[in-house]
Amino acid sequence: MMTSEQRQRLINRLKGRNLPLDLFVEIEDHMSEQIDYKMHFGNKNFDSAFDQTFAEWSSELEMKSVFWAGEKRTKIHRQTINQTQKNLFLRSLKYFVIPFAVSIVLLFVNKTWAEYFILMLNCSALLAGIAITFFDFKTIKSTYNFYNQKRISYLQKGVGMMTTSIFVILAFVLRIYENWFERLYVGFSEMLSFNISFEGFSAFLMLFGYFLLAINGFLYYLEYRKTIKVLQQKTNLKL
């Protein structure tokens, strides 16, 4: 079993890898288990087990500059973000596809029904986002750029999609909703004649794009909340 001094050596070594807290804790746990296993079952001393374990993790912990993030990140950090983005986006589409399909059917059947249904979708996203922000403000606040603990989780920035969609839906979609819907309806009619207009496409993005963005941000929020609970059990994390 590793001593507290040995564990601190592992922690100090990992600190230079620019990892968010959730990945840091997870990797530290895995590496500690591997080191303990090598010491107990492989009859290795701590230094040998430590060096061998880091050698096995060398590929995952290799750092590379990420231009859009303005920092260096490990391979495992980049891969985790990419895989999470893919998984949560696919899950978002599953929740999005049914209301979207209903909207398209209603655009064929009845313009007024379609107008109110799409309005309801955007209002529901707005109200859900406002409710979450109000009742769980500590969690939402921790995802803002000015928050003093910016490296809690690789999920943090994803939650921002929900708060962004709240702002856009409130400030730009609902304020002139009738105008956006009319553009959408005209654009939809033109599309049936194989004529895609910029106005119709922009209305499509405004009325459906931010609804999808809100769903994606909400899924990030749920995963982020789970992560915070785990970190609060394992560390002294306080929001």
**OP:** Could you check L93 against L212 for side-chain contact (heavy atoms from CB on, under 4.5 Å), going step by step and ending with a plain yes or no?
**Re:** CA-CA 7 Å; L93 287 177; L212 175 60; 4.2 Å; yes
Electrostatic pair [X]:[Y] at N-O distance under 4.0 angstrom:
| X | Y | answer |
| --- | --- | --- |
| K38 | E56 | yes |
| D22 | K229 | no |
| E182 | K111 | yes |
| E71 | R73 | yes |

Minimal non-hydrogen separation, [X] against [Y], with atom names:
| X | Y | answer |
| --- | --- | --- |
| T84 | T80 | OG1-O, 2.7 Å |
| T3 | Q6 | N-OE1, 2.9 Å |
| T112 | N110 | N-OD1, 3.0 Å |
| A49 | M39 | CB-CG, 3.8 Å |
| H77 | P20 | CE1-CD, 3.4 Å |

[atom1]-[atom2] distance between [X] and [Y], expressed to the nearest 0.5 angstrom:
| X | Y | atom1 | atom2 | result |
| --- | --- | --- | --- | --- |
| E62 | R17 | CD | CZ | 9.0 Å |
| E60 | L23 | CD | CG | 12.0 Å |
| T143 | I152 | OG1 | CD1 | 9.5 Å |
| I130 | L126 | CD1 | CG | 4.0 Å |
| I140 | Y221 | CD1 | OH | 6.0 Å |
| N18 | R151 | CG | CZ | 4.0 Å |

**OP:** Start with the C-alpha gap between V102 and L106, add the side-chain angles, then the distance that decides, and say whether side-chain contact (heavy atoms from CB on, under 4.5 Å) holds.
**Re:** CA-CA 6 Å; V102 171; L106 290 177; 3.9 Å; yes
**OP:** Kindly say whether the aromatic ring centers of Y224 and Y220 come within a distance under 6.0 Å.
**Re:**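 They do not qualify: ring centres at least 6.0 Å apart.
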Original post:
Hey, do the aromatic rings of F211 and F100 have their centres closer than 6.0 Å?
Top reply: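 Ring centroids of F211 and F100 are no less than 6.0 Å from each other.
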**OP:** Would you please say whether a donor-acceptor pair under 3.5 Å links the side chains of S197 and E190?
**Re:**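 Short answer, yes.
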Tell me, yes or no, whether the heavy-atom count around [X] atom [atom1], taken from other residues, nucleotides or ligands under 6.0 Å, exceeds 12.
| X | atom1 | result |
| --- | --- | --- |
| I98 | CD1 | no |
| Y210 | OH | no |
| Q232 | CD | yes |

Donor-acceptor contact present, side-chain [X] to main-chain [Y], <3.5 Å:
| X | Y | result |
| --- | --- | --- |
| N122 | L207 | yes |
| S202 | F198 | yes |
| E199 | G187 | no |
| T164 | M161 | no |
| S48 | N45 | no |
| S193 | N195 | no |

**OP:** I would like to know whether N82 and Q85 meet side-chain contact (heavy atoms from CB on, under 4.5 Å); could you show each step before the answer?
**Re:** CA-CA 5 Å; N82 293 337; Q85 288 175 339; 3.8 Å; yes
Side-chain touch [X]/[Y], heavy atoms, less than 4.5 angstrom:
| X | Y | answer |
| --- | --- | --- |
| F181 | L107 | yes |
| F188 | F108 | yes |
| Y154 | T227 | no |
| S153 | L21 | no |
| E115 | Y185 | no |
| R78 | T74 | no |
| L219 | F89 | no |
| E223 | L88 | yes |

Please answer: with hydrophobic residues joined when any side-chain heavy atoms are less than 4.5 Å apart, are [X] and [Y] in the same cluster?
| X | Y | result |
| --- | --- | --- |
| L205 | F167 | yes |
| L127 | F208 | no |
| Y177 | L184 | yes |
| M2 | Y37 | no |
| V109 | M191 | yes |

Original post:
When you look at D29 and S32, which way does the side chain to side chain donor-acceptor pair (under 3.5 Å) test go after all the steps?
Top reply: CA-CA 5 Å; D29 285 345; S32 295; 5.5 Å; no
Side-chain atoms of residues 9-16: list all donor-acceptor pairs with protein atoms under 3.5 Å, sequence neighbours left out, distances to 0.1 Å.
residue, atom, partner, partner atom, Å
R9, NH1, D47, OD1, 2.6
N12, OD1, Q8, NE2, 2.9
N12, ND2, Q8, O, 3.3

Subject >> Step-by-step side chain to side chain donor-acceptor pair (under 3.5 Å) determination, R183 to N179 >> reply: CA-CA 6 Å; R183 292 186 193 180; N179 183 278; 3.0 Å; yes
**OP:** Take the angle between the ring planes of F204 and F201 and call it parallel below 30°, perpendicular above 60°, tilted in between.
**Re:**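 Parallel, since the angle between the ring planes stays under 30°.
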**OP:** Start with the C-alpha gap between I132 and F137, add the side-chain angles, then the distance that decides, and say whether side-chain contact (heavy atoms from CB on, under 4.5 Å) holds.
**Re:** CA-CA 7 Å; I132 290 169; F137 183 66; over 6 Å; no
